[in-house]
Number of protein chains: 2
Amino acid sequence: MPVVKGPQVFPRSEYLRRLTAANARMAERDIAALVITDNAHVTYLTGSVAHSYDTRAVVVLASREEPVFILRWMDVAAAVQETFMERDSVVGYSEELMGDPEKNGYDAVIDFLLEQGLGQSGIGLELCNLTVDSVQKFKSRLPQSRIEDFSNVVTRIRAIKSDLEIAVMREAAAISDAGVLRAAEVMRSGMREADAIAEIVGTLARGANGKPGTWIATPFLCATSRIGNPHTTWSEDTLREGSQVNLEIAGVRHDYHVPICRTYSLGTPSDRLLRIHEAQLAGLEAGLNIIHAGAVSGEVAKIIHSTTEKHGFKKQSRAGYSIGINWMEKTTSLKLGDTTVLEPNMTFHLHLGSWVQEDFGYVLSESIRVTESGVEVLTKAPRQLFTLG
Amino acid sequence: MPVVKGPQVFPRSEYLRRLTAANARMAERDIAALVITDNAHVTYLTGSVAHSYDTRAVVVLASREEPVFILRWMDVAAAVQETFMERDSVVGYSEELMGDPEKNGYDAVIDFLLEQGLGQSGIGLELCNLTVDSVQKFKSRLPQSRIEDFSNVVTRIRAIKSDLEIAVMREAAAISDAGVLRAAEVMRSGMREADAIAEIVGTLARGANGKPGTWIATPFLCATSRIGNPHTTWSEDTLREGSQVNLEIAGVRHDYHVPICRTYSLGTPSDRLLRIHEAQLAGLEAGLNIIHAGAVSGEVAKIIHSTTEKHGFKKQSRAGYSIGINWMEKTTSLKLGDTTVLEPNMTFHLHLGSWVQEDFGYVLSESIRVTESGVEVLTKAPRQLFTLG
């Protein structure tokens, strides 16, 4: 039997809003079809969160309200259930294209464009996601088309969230908070790091306030000899009296990731640990104090850097980045010199983390939303260095 | 203080074996430097399993025993700890390259190649992982170099595992088995799917036989209205009497993923469910019976397809794929017409999964190793349709 629609996260009007914005960019450049290949953009424009291990693309047509989702036949049922679109907007391609050295799903996309009579039109591609071979395939099979790069177009639309998206991000933030508190509850001397992770990822799945997590973003848990690393997972070690744990996790709802970092000390923290906590806390609060619609990204970074430096710790990395679908959005960084003017409903991971020596670092962060007058802190776990018994 | 090496998964000789194989391919094509950008290949050649959200590359030089790992400065400590290489083989690039519209980590790689005097040499790139812009950067900054595509070179070396790798994959397989059994233990009518997932991912973290999981591969749990989907995760629903659950998970050790699929019935299974289980079981066993070094991939697929078809179910998708680092290796598919001759210590996910209608599918699989005389089944969970009370 054919499948029917599953529950929808957003109403149709939300997707049409996003598509209208994409269509406006297409109209400016006389583009008849925009071929979306970035996975986060596919999710953004359709509602699909299922995975597909093969070529898939969403084609936004200037002439059609709904986009057309082209993917491997076995993933069609999930696309019909998850997306806001009618069944005839989902097109499966044959299994024969799997593992064929000459042909792949992009041939199905190009076939579709040709069937639509778009062989001489403007075609937008996300070149930042396409390999040389794929781009060559589009150029050679569409020799009369004018191909334009739309790499950063949907990313920029995504940067400003609707209130509906913010509501989902608040749900994800509550899961992040639950994960931070669960870590504080269970981490004790003598426990394997992996057993702590089991409790944390269990919490990320169970969720908060009756809203389960919908994906497991594997946590970074950097303890003791690895606290100078930002991006390693747990080890096979056991936590000990005196261990420090830098934890970075994200609750996920419908692919919206809301990250948070907290640091834990098993036993009395060292003086250096207390001082770097104070420095990062001061920097974080200074940043929160000046963020508002109209503030400039680089200026926010500047006050964060100068505040932590006043407290004796120089922060080398950027002070945050745009968040949304898939943890990190490649739009605005809160970094020195960045001239982006903040707008309401931009969302950031404000990340004070600092790896000051190869064997020492500290993490503290919040996920936030820019408001007209200031900031909403989405994550609400206690902003402290957790000292565990 | 500078960090020191952490525990090593493989001895230096194992990495040198892999590099020797890469060097042989380089010598055949007179390549002085091979620039590795595929994440799985980076792991394979160095031992690094940390993540880095920015450009990183491993440069294999014809003139040097150890490769050179070039990555963002903040990820250097992790690289020093995790990889088999000496400290001077790890090179960090400046934070200033982050978010720079003109420059990125590939500029650091090209600078390195020029410093090594390789501006007029043969350079191997993995074009399948590089965007048009990145390739253009290499070409324009190395105009005298002869650039050759090494896209599938390391993948093919990876396809045949050493006994050391097989030992790690057995550890991962035991975790997969534990996940399957935990699911059978906890899934009951009235339980939210997310709560079942919490137990399963907890098990994937805790591991088996004292060996923790080292990464959480988010499971696919497709229940009831979504059992026609291969690649969706759990929903916000609650399991009910009569629910069917198709579960696909993978235990992970040091990035080696060993997948397994099992299906569960809450309450008495339907006749159709019993019949498709019998069909897939017969197909799986027929495949296992003919796999051995020297067998041809497409012939294995053929017997699997014909056996399930004899039992009344036509399998449309391929019968398996090569596994190793990162779940799926893009080398051999067990698919009709594939002419690959199987070799000892090739490893596959032998996947009988079949989505016969949009609202009905069934999954059963094993991860296996090809041996001289036959096959070693790595996953050992009961090969049954689990009927849960």
Side-chain angles (χ1 to χ4, degrees), chain A residues 1-3 6-7 50-53 73-78 80-82 95 98-99 127-133 135 192 194-195 197-199 201-203 205-207 211-216 218 225-226 228-236 316-318 328 333 335 338 355 357-359, chain B residues 1-3 6-7 50-53 73-78 80-82 95 98-99 127-133 135 192 194-195 197-199 201-203 205-207 211-216 218 225-226 228-236 316-318 328 333 335 338 355 357-359:
Chain A
M1 287 211 312
V3 289
H51 285 246
S52 184
Y53 293 93
W73 68 273
M74 71 161 63
D75 296 314
V76 164
V80 170
Q81 288 183 310
E82 292 182 347
E95 185 74 4
M98 298 300 305
L127 293 183
C128 66
N129 298 294
L130 293 171
T131 60
V132 178
D133 283 1
V135 175
R192 292 189 314 162
D195 294 329
I197 284 291
E199 297 296 328
V201 296
T203 299
R206 286 187 190 94
K211 305 282 186 184
T214 60
W215 183 258
I216 306 298
T218 299
S225 69
R226 292 170 303 105
N229 300 339
H231 299 134
T232 52
T233 57
W234 60 100
S235 76
E236 310 201 7
Q316 287 189 273
S317 49
R318 60 186 175 172
M328 188 166 66
S333 287
K335 68 173 234 174
D338 191 293
W355 299 276
Q357 290 181 350
E358 279 198 351
D359 65 345
Chain B
M1 288 211 311
V3 288
H51 286 245
S52 183
Y53 294 93
W73 66 273
M74 70 160 66
D75 296 315
V76 164
V80 170
Q81 288 183 310
E82 292 182 346
E95 186 74 7
M98 298 300 304
L127 293 183
C128 65
N129 297 294
L130 294 171
T131 60
V132 177
D133 283 1
V135 175
R192 292 189 315 163
D195 294 330
I197 284 290
E199 297 296 327
V201 295
T203 299
R206 286 188 190 96
K211 304 284 186 182
T214 60
W215 182 259
I216 306 297
T218 299
S225 69
R226 294 171 301 105
N229 301 338
H231 299 134
T232 53
T233 57
W234 60 100
S235 76
E236 310 200 8
Q316 288 189 274
S317 50
R318 60 184 174 175
M328 187 167 64
S333 288
K335 67 173 235 177
D338 193 292
W355 300 275
Q357 289 182 349
E358 280 199 351
D359 65 346

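Labels below follow one simple rule: chain letters A, B, ... track the order of the sequence lines, proteins then strands, and each chain is numbered from 1.
- In plain terms, the two heavy atoms of A/Thr131 and B/Cys128 that are nearest each other are CG2-O, 3.1 Å.
- When heavy atoms are compared at a cutoff of 4.5 Å, B/Thr233 approaches chain A solely by way of its side chain, counted from C-beta outward.
- Between B/Asn229 and A/Ala77, the shortest heavy-atom distance links the atoms OD1-CB, 3.2 Å.
- The backbone N or O of A/Val3 sits less than 3.5 Å from a side-chain atom of B/Glu358, completing a donor-acceptor pair.
- When all heavy atoms are compared, the tightest approach of B/Ala50 to A/Thr232 is CB-CG2, 3.4 Å.
- Counting only heavy atoms from C-beta outward, the side chains of A/Met74 and B/His231 approach each other to under 4.5 Å.
- Between the side chain of A/Arg318 and the backbone N or O of B/Glu95, no donor-acceptor pair lies under 3.5 Å.
- Using a 4.5 Å cut-off between heavy atoms, B/Val135 touches chain A through its side chain atoms alone.
- Side-chain N or O atoms of A/Thr218 include one that pairs as donor or acceptor with a backbone N or O of B/Ile216 at under 3.5 Å.
- Only the side chain of B/Trp234 comes within less than 4.5 Å of a heavy atom in chain A; its backbone stays farther off.
- Contact of B/Gln81 with chain A is made through the side chain alone, with heavy-atom distances under 4.5 Å.
- Counting heavy-atom pairs under 4.5 Å between each of B/Gly207, B/Pro230, B/Gly6 and chain A puts B/Pro230 at the top.
- Contacts of B/Asp133 with chain A are absent, with no heavy-atom separation under 4.5 Å from either backbone or side chain.
- Of the residues considered (A/Pro7, A/Ser225, A/Ser333, A/Gly228), A/Ser225 shows the highest number of contacts with chain B, using heavy-atom pairs under 4.5 Å.
- What you find for A/Pro212 and B/Ala194 is that their closest heavy atoms are CB-CB, 3.3 Å.
- In this structure, CZ in A/Arg192 is found 8.5 Å from CZ in B/Arg206, a value given to the nearest 0.5 Å.
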